[in-house]
Structures are given as C-alpha cells and as structure tokens.
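Bear in mind the structure is a predicted one, so any value in this text is a computation, not a measurement. Protein chains get the first letters and strands the later ones, always in sequence-line order, with residue 1 at the start of each.
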Amino acid sequence: MIEWNAATIKDFQHTLLDWYDQEGRDLPWRHDHEPYHVWVSEIMLQQTQVQTVIPYYERFMDWFPTVADLANAPEARLLKAWEGLGYYSRVRNMQRCAQQLLADYDGQWPQTAAGLEALVGIGPYTAGAIASIAFNQPVPAVDGNAYRVFSRLLKIDDDIAKPQTRQVFEQAITRIMPHDRPGDFNQAIMDLGSSYMTARQPDTAHSPVKRFNQAYLDGQELAYPVKTKKPRPKPVAYVAVLAQMGDQWLMVQRPSTGMLGNLWTVPLIKVDELDLEEDASTADLLAAVTAYFKREYRLILTAKMLKLRPVTHTFTHQKWTIQLIGGQVQPADLAYFAGKGVLLAELDQLPMPKVQEKIFNRANVH
DNA sequence: GAGCCGTGGGG
DNA sequence: TCCCCAAGGCT
C-alpha cells in the first residue's frame, strides 16, 4: 500500500506539475488568469467536453468581452451565443451573476471560494476552480475528473453520485495539493483525467503518476470511481405543429422555467394533454390539435398529418417522440398567441434548441 | 437528497 | 439502439 506521508505528497506534486508544465494543454482560456475568462470557461465546461466548448468560448469572448458587456446584453443574443450547448439556465444565471457583480460588488470578484459560491450559478466546483486558478487560493476543484483520479489513486470507494461524498474528496485533495500552485494542480488533475485516466479506456501504463495509482497497481482501476447509475430517460409523446400564416411560420417561446427555458420552437403539444381516447384515430388527433389552437391561441388551424417519420430526441431523463403535423392558420390577430409569426429568412435569429433543428430538418424547412 | 436540466461522442 | 460519459448547479 502507498503511504501518503509528507514525502509521498511532495513527490506526487512535483511529478504531476512537471508533467503539466511539459504536456499541459494550450487552451484559449489558459492564456491568462482573468477571473472573467476563468469563470466563463468553467461554466461552459460544466458537463461539456473541451472540444465542444472551444468555438463557443471564442465567440462568447468576441460578443461579450467584459462582465459589463454580458450584464447588459439582450437575452436573445445571450441565448444565441449558447445555442446548442445545452443546460441553458447556465447562461441566464451567468447574466444574473454579472449584474449582481456590478450592482452589489462594485464589479470586484470575491477572491475566496466561499465568497464566490455565494454568486448565482457558482457551486462548490466552480468556486474552487476560480478561487484556485484566478486568485491562487489553495482549495480543491472537485469535478468528475478529480473524483475519477483520486478515487483511483487512493482507492476511495464512496459513491460519487451522493452529494455527501464531496467532502471526503475535498479533505483528501486539500491534504495533497500544493499551496504555491493550486490552480495549476487542479488543472493538471483535469488534464490527467481527460488523457491517461479516462473512465472507459484508461492508459495508466503511460501515466506520469501510475506509481501513485493504488487501484492500477492492484489491477482494479476500472472499479473506480464507484457511482450509482441514473434511471433511463422516460418516454414522452409530443406533436409538433408546423403552421404557416401566409409566408410566416408560427413560433412560440418556451416558459423561463423548466426545459429549454426561453428558447423558441414551433408549438409542441404533449399528447397526454390532448385528452385523447386510447383508440383515437388520426382524425381525432387533428381535431384535438385544432381545438387546442382555438382554445390556447384563439387561432383557426387547418391541420394535416405529415407523412414523415417522427422526430426522436433524448434529453438527460426524457426521450421525446414527436409526430409532425402541418397546417395553416388564417391571418389573424396574434394577441392571444404566446409567440409570433416569423419569416423563413428570419428564423435563424431566434435561439432554438437542437430538437427544433431536427423538426425543421425532418420537414425540410430550410 | 433526489430529480431536473442538453448535447455530442464513443463503445 | 442503448448506455455511459463529459471541467455541475439549482430546487
């Protein structure tokens, strides 16, 4: 068994940081330690891979170079910058945080993890990352990489799906991390976790820290980390109504709470909410959709079933199957309609989720 | 504490 | 097709 005494810890720190100095990745947000840059990158990287984030980060810095630019941006522009990244509340919380910084903090970032965690959208991981990288505070940044790396090194078998496990890792990492280069240490762990110490196919034989990896030395690497699995996505049936009013498409904005908050789609109706009988026919479905339009929007819809394969889209815990309906509405007063008519050429100005892109593609709307 | 909240990639 | 994973936070 590896004994993590003071000498081992020093050895590990130097081995890891020497490797990081040689092999650490050159990423756009590592060009300086500006808290704004660190913050934006960390929020984007939540549950999202580096290669996905890079182009989004570059464009975001182009559009919103400072905290003030972000605080004052129109929300549609903000969501457009985030379109396709997912977890859209992240960017709305970022704007709230930016406004909070300007209003209540005189534009000055708190420099401690506890102070940062008080801000909207910044949890324990992101607070640790910003505090260590931007402000040189010796605090851990416990993300999926840190869980994986240290569970293997130290053979910690607490379930990382449980919130209470975080403190076990925070204590262990706090004891091991150096006080002179905490930000580099935390980032080195992330680079390690995404290269040699991946979840599925680790290459520990070539890892710079393999001699510190107790799970590897015991041939039990793939048993770590211990994590209970999540339930499968629940199937949900929808109809999407591709309705034209003259040369405009009817688009609705989703509510600010819940899935895909404030993004735009064609009217999406949960089939459950149409109160259909079990043996309902296609005609029954179309009649129910027409009634829905009249009731909810005060619009007269002429609907027809589109002979297209349903669109399927899987979210973290819902799997949508979406039957497509085409139709036209009579030119009308849209006062009761929770959306607007949009010309085809203007559609790309609305922030839309991926599922909407799939719907338009299936219906050949371009 | 458990459920909610997106998307892309790999096996 | 399905499952799991990827720099989590909020309620």
Visitor: With sugar-phosphate meaning primed atoms plus P, OP1 and OP2, does A:Thr52 contact a base, only sugar-phosphate, or nothing at under 4.0 Å between heavy atoms?
Guide: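 Contact class for A:Thr52: none.
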Visitor: Evaluate A:Asp191 against A:Glu23 for side-chain contact (heavy atoms from CB on, under 4.5 Å), listing each step before the verdict.
Guide: CA-CA 9 Å; A:Asp191 282 15; A:Glu23 308 289 340; over 6 Å; no
Visitor: Tell me the interatomic distance from A:Leu263, atom CG, to B:dG6, atom C1', rounded to whole angstroms.
Guide: 10 Å
Visitor: For atom P, what is the distance between B:dG9 and C:dG9, given to the nearest Å?
Guide: 24 Å
Visitor: Counting any heavy atom closer than 4.0 Å, what does A:Met259 reach on the DNA or RNA strands: base, sugar-phosphate only, or nothing?
Guide: sugar-phosphate
Visitor: Starting from P on B:dG6, measure out to OH on A:Tyr56 and report it in whole angstrom.
Guide: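 After rounding, the gap between these two atoms is 13 Å.
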Visitor: Going by number, which of residues 142-181 of chain A have a non-hydrogen atom under 4.0 Å from DNA chain C?
Guide: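 Listed by number, they are A:Asp143, A:Gly144, A:Asn145, A:Arg148.
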Visitor: Reckon A:Gly261 touches a base, only the sugar-phosphate, or nothing at all at heavy-atom distances under 4.0 Å?
Guide: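 Nothing: the residue A:Gly261, judged by heavy atoms under 4.0 Å, touches no strand.
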Visitor: Using OP1 and OP2 only, check whether a side-chain N or O of A:His313 sits under 4.0 Å from B:dT7.
Guide: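 Answer is yes, contact under 4.0 Å.
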Visitor: If you pin A:Gln51 and A:Gln46 to their nearest nucleotides in DNA chain B, which one's is more 5'?
Guide: A:Gln46
Visitor: Closest to the A:Tyr88 side chain: B:dG8, B:dC4, B:dG6?
Guide: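 That would be B:dG6.
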Visitor: Roughly, in whole Å, what's the span from CZ in A:Arg92 to P in B:dC5?
Guide: 12 Å
Visitor: Does B:dG9 have OP1 or OP2 sitting under 4.0 Å from an N or O in the side chain of A:Gln49?
Guide: no
Visitor: Heavy atoms of chain A, cut-off under 4.0 Å: which first and last nucleotide of DNA chain C, 5' to 3', fall inside that, if you could look?
Guide: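 First-to-last contact on DNA chain C, by the 4.0 Å heavy-atom rule, is C:dC2 to C:dC10.
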Visitor: Do the side-chain N and O atoms of A:Gln46 and A:Thr126 include a donor-acceptor pair separated by under 3.5 angstrom?
Guide: yes
Visitor: State, yes or no, whether a side-chain contact exists between A:Leu324 and A:Val241 at a heavy-atom distance under 4.5 Å.
Guide: no
Visitor: CZ of A:Phe315 versus P of B:dC4: gap in Å, rounded?
Guide: 14 Å
Visitor: Could you give the distance separating B:dG1 and C:dG8 at their C1' atoms, to the nearest angstrom?
Guide: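 After rounding to an integer number of Å, I get 16 Å for this pair.
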